[in-house]
Amino acid sequence: MNKVTLFLFFMIFSASLSGCSTTINNHQGSLYIQLGEEQGISRLVDSFIKELAKDKQVFPYFAKASVSHFRKGFINHMCDISGGPCKYKGDNMVDIHTGMNINEADFNRVVELLVKAMEKENISYRTQNKLLAKLAPLRSEVIKR
Amino acid sequence: MTIKRFLSCVFLILPTLCFADGKILATPGVSQIEGSGGGGIVPWAQLAGYASEDEIAASAFCSVANVKNFSLNVCGAQANLYDRVELSIAQQQFDVDPLNVTLKQDIYGAKFRLYGDLIYSNWPQFSLGLQHKRLKTADIAFALGAKEKQGTDIYLAASKLHLGAIAGYNFLWNATFRYTQANEMGLLGFGGKNSAAIFPELSAAILLSKHIAIGIEYRKKPDNLGLNESHWRDMFIAWFPNKHINLTAAYLDLDTIAGIGNQQGFYFSLSGQF
Ligand code: HEM
Ligand code: HEM
């Protein structure tokens, strides 16, 4: 058992090292490229919108929004935060989501729908996690406002 | 055992009930052997169940651990109130094969989330918990030198999930510091030659997919009875097919129990959430 524990620690340790080296070697492919660049992100956002529209729990938030405006803004934002060649110029996260009173459960539901959309677009589990890691820090700017 | 009968009812009606699913799959962890939300042997900072801050959730579990000369059966239940408070109850039944006796203990637990969110806060999630333990079969404990048949553990736990941290996989760690005088969790009573002290417990896990986590745990324990009571370790794999059920299997190394060494074996646990 001692050896097995050591082995596991070593695996985790070496995996964390390789994790670092892949993020350093940006030329191998940034998150933007892993998401399929502009086309991939557009397809993902379209799938995501379909999921939002089908969902009874969170659709009410979007009922009055303009789909084309949201689509454009969200694609741009995702391209920006994934390291793509875009600059998001829309309103900031706080301003957009103020007045919506989004609670934790609805936020998590939206994350689940994004994961569903990523699965439908065959985005790998590891790439999914990397995109979620970029979005997670924005939660405090989005909920309970 | 009445709680077993209660739980089999719960598992039966479970699919017809449903309160909360505000959290992301697998993030509440599983049920540890003293009934708190956690890994297999360590209570974690996460509260059991999928309740977010506007919801309540309930869960129930049964676990068995079989090592060379001993086996532990536990069933229990938890309530999660608004992702702030976890209340738990567990009944442990511990079979000592060499003596052909069974030790029994009830554990009442409470856990309070002090700060943070496993995924979203900058700092880890912190929780403060207690486990009040009542040993129902105290004769052996007293014969071995234990001082009490009741005791309360107090612990502080910190936990964090790092999204995509290890080559794109989510990495979760938990560190718990427990103030305790329990001998073998309380099954051999409380206290002895030494008084209560603080012991570290550590867990680390990787989520291989949305549904599968693998990990390791380590738990240091007191040796109040001078029986070489050793630290515990396990390696686990947990499967979360959906938000209502999860299955955990683990390889356990409990080393020396009641002076008998080489206590390795397997652990299985089934939980239901609703
Ligand atoms: C980290 C998570 C989130 C990010 C990064 C995000 C980002 C954005 C972006 C970039 C837009 C487009 C704004 C524009 O260009 O004008 C937008 C709009 C919107 N978001 Fe979010 N959002 C997040 C979470 C949520 C959640 C959880 C909800 C609801 C439950 C939500 C509801 C909305 C709505 C309703 C709009 C449309 C506003 C309108 O056009 O009237 N968002 N969001
Ligand atoms: C209010 C009631 C319920 C709610 C809110 C609910 C919610 C959910 C959610 C959110 C998931 C997706 C989990 C995930 O994979 O991320 C899920 C999956 C699932 N639920 Fe429920 N559920 C409810 C009732 C039930 C009942 C009554 C049953 C069965 C008798 C059931 C069986 C399942 C199964 C089998 C899955 C996995 C489906 C899959 O492969 O994705 N659920 N549920």
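Letters go in sequence order (proteins before strands), and every chain restarts at 1.
The part of D117(B) that comes within reach of chain A is its side chain, from C-beta onward, which places non-hydrogen atoms under 4.5 angstrom from that chain. With a threshold of 4.5 angstrom between heavy atoms, Q128(A) does not approach chain B through any atom at all. The contact between L207(B) and chain A is made by backbone and side chain atoms together, counting heavy-atom distances below 4.5 Å.
The two residues D54(B) and E104(A) come nearest to each other via the heavy atoms OD2-N, 4.4 Å. Considering every non-hydrogen atom in both N170(B) and Y125(A), the closest pair reads ND2-OH, 3.6 Å. Here the closest non-hydrogen pair linking E55(B) and A105(A) is OE2-CB, 3.9 Å. Scanning both residues, G168(B) and K130(A), for their nearest heavy atoms gives CA-CE, 3.8 Å.
Dense packing is recorded around CZ of F199(B), with more than 12 heavy atoms of other residues, nucleotides or ligands lying under 6.0 Å away. Other residues, nucleotides and ligands contribute over 12 non-hydrogen atoms within 6.0 Å of the CD atom of E119(A). More than 12 heavy atoms of other residues, nucleotides or ligands shown are found within 6.0 angstrom of CH2 on W173(B). Sparse packing is recorded around NZ of K134(A), with 12 or fewer heavy atoms of other residues, nucleotides or ligands lying under 6.0 Å away.
Summarising the geometry, atom CG belonging to N108(A) is positioned 11.5 Å from atom CG belonging to L25(B); distances are rounded to the nearest 0.5 Å. Taking CG of L161(B) as the start and CG of L132(A) as the end, the distance is 10.5 Å to the nearest 0.5 Å.
Heavy-atom pairs under 4.5 Å with chain A peak, among D83(B), I119(B), L208(B), at L208(B).
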